[in-house]
Amino acid sequence: MPSFQIHRLRDHERQRFRWAPHTSGTSIVKAKDYEKIARIESPTEYGAWLALREAGTPLHVGDLLETEDGSLRICKYIGFEEARWFVPEVRQGGAANAQSLEPSEEAQAPGAGEQLSAGAQAEMV
């Protein structure tokens, strides 16, 4: 029987999710907004939803079920929809690209290239 990893939406994000307008299609979610709580065996996500409700620990709107193959289903008011983890865009070239850019006007200002003393650095922190 398939099993699902349950990811609970953290309380501070739950209200934001509840009041956000409904969007159709794949939802993009951030892992930092969720906590893994348990696994449940069920043939479908609706079976898992029903079993959790009967056990007294229901899924709430915004909670996720992750299948064994890593696909996500998010619980919404209308049922379950597809979801994916947010993956930040990786910049090509990183620091090498930054060095090849033209210096800004601030960097060309007199004294812009001077080093700060240890005392001045401490004051800035």
Side-chain angles (χ1 to χ4, degrees):
M1 183 177 295
S3 72
F4 296 92
Q5 174 66 54
I6 303 166
H7 297 270
R8 286 266 186 225
L9 184 61
R10 296 183 189 275
D11 288 336
H12 68 277
E13 290 294 325
R14 190 166 306 282
Q15 288 303 318
R16 185 181 335 190
F17 185 88
R18 288 179 59 102
W19 292 105
H22 174 74
T23 57
S24 60
T26 304
S27 297
I28 306 299
V29 295
K30 294 182 179 180
K32 69 179 182 77
D33 295 337
Y34 290 86
E35 57 184 328
K36 288 183 181 181
I37 60 165
R39 291 195 79 82
I40 185 167
E41 289 189 3
S42 175
T44 66
E45 61 263 8
Y46 293 99
W49 176 83
L50 185 59
L52 289 168
R53 187 179 77 168
E54 290 173 353
T57 56
L59 287 176
H60 299 287
V61 173
D63 290 344
L64 296 171
L65 291 177
E66 182 178 9
T67 62
E68 293 167 334
D69 68 358
S71 62
L72 296 174
R73 304 289 287 168
I74 189 166
C75 182
K76 291 190 172 184
Y77 291 109
I78 60 168
F80 287 91
E81 291 187 354
E82 183 181 358
R84 285 186 299 168
W85 294 119
F86 171 76
V87 179
E89 185 177 314
V90 178
R91 291 187 177 176
Q92 299 281 332
N97 243 358
Q99 293 175 354
S100 66
L101 298 175
E102 293 282 335
S104 67
E105 290 180 17
E106 288 178 328
Q108 294 174 354
E114 295 176 7
Q115 293 288 334
L116 293 176
S117 68
Q121 288 178 350
E123 289 177 16
M124 292 179 73
V125 176

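Quantities reported herein were computed from a predicted structural model and do not represent experimental measurements. No hydrogens, no waters, no symmetry mates; every other heavy atom, side chains included, goes into these values.
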In terms of hydrophobic clusters joined by side-chain contacts under 4.5 Å, are [X] and [Y] together?
X: Ile6; Y: Leu9; answer: no
X: Phe86; Y: Tyr34; answer: no
X: Leu52; Y: Phe80; answer: yes
X: Ile28; Y: Leu72; answer: no
X: Tyr46; Y: Leu59; answer: yes

To the nearest 0.5 angstrom, please state how far the OG atom of Ser3 sits from the CD atom of Glu41.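 Taking OG in Ser3 and CD in Glu41, the distance rounds to 6.0 Å.
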Looking at Arg16 and Glu13, is any side-chain nitrogen of the basic one under 4.0 Å from a carboxylate oxygen of the acidic one?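 Counted as a salt bridge, because a side-chain N and a carboxylate O are separated by less than 4.0 Å.
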Is Asp63 paired with Arg8 through a side-chain N to carboxylate O contact shorter than 4.0 Å?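 Salt bridge present between Arg8 and Asp63.
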Where the side chain of Arg53 meets the backbone of Ala48, is there a donor-acceptor pair that is under 3.5 Å apart?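 No.
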Is there a side-chain contact between [X] and [Y] in this structure, where contact means two heavy atoms from C-beta onward sitting under 4.5 Å apart?
X: Cys75; Y: His60; value: no
X: Ile74; Y: Phe17; value: yes
X: Arg18; Y: Tyr77; value: yes

Stepwise, does the side chain to side chain contact (heavy atoms under 4.5 Å, CB included) test hold for Leu64 with Val29? CA-CA 9 Å; Leu64 296 171; Val29 295; 3.9 Å; yes
Please assess Trp85 against His7 for the test ring pair (Phe, Tyr, Trp, His ring centres under 6.0 Å), listing each intermediate value before the final yes or no. CA-CA 12 Å; Trp85 294 119; His7 297 270; 5.3 Å; yes
What closest approach, in Å, do Ser42 and Gly47 show between heavy atoms, and which atom pair accounts for it?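 The pair with the smallest heavy-atom distance is OG-C, 3.1 Å.
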Qualifying salt bridge (charged side-chain N to carboxylate O under 4.0 Å, His left out) pairs, either residue in residues 66-88, two or more places apart: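 Output for this query lists Glu45-Arg73, Lys76-Glu81.
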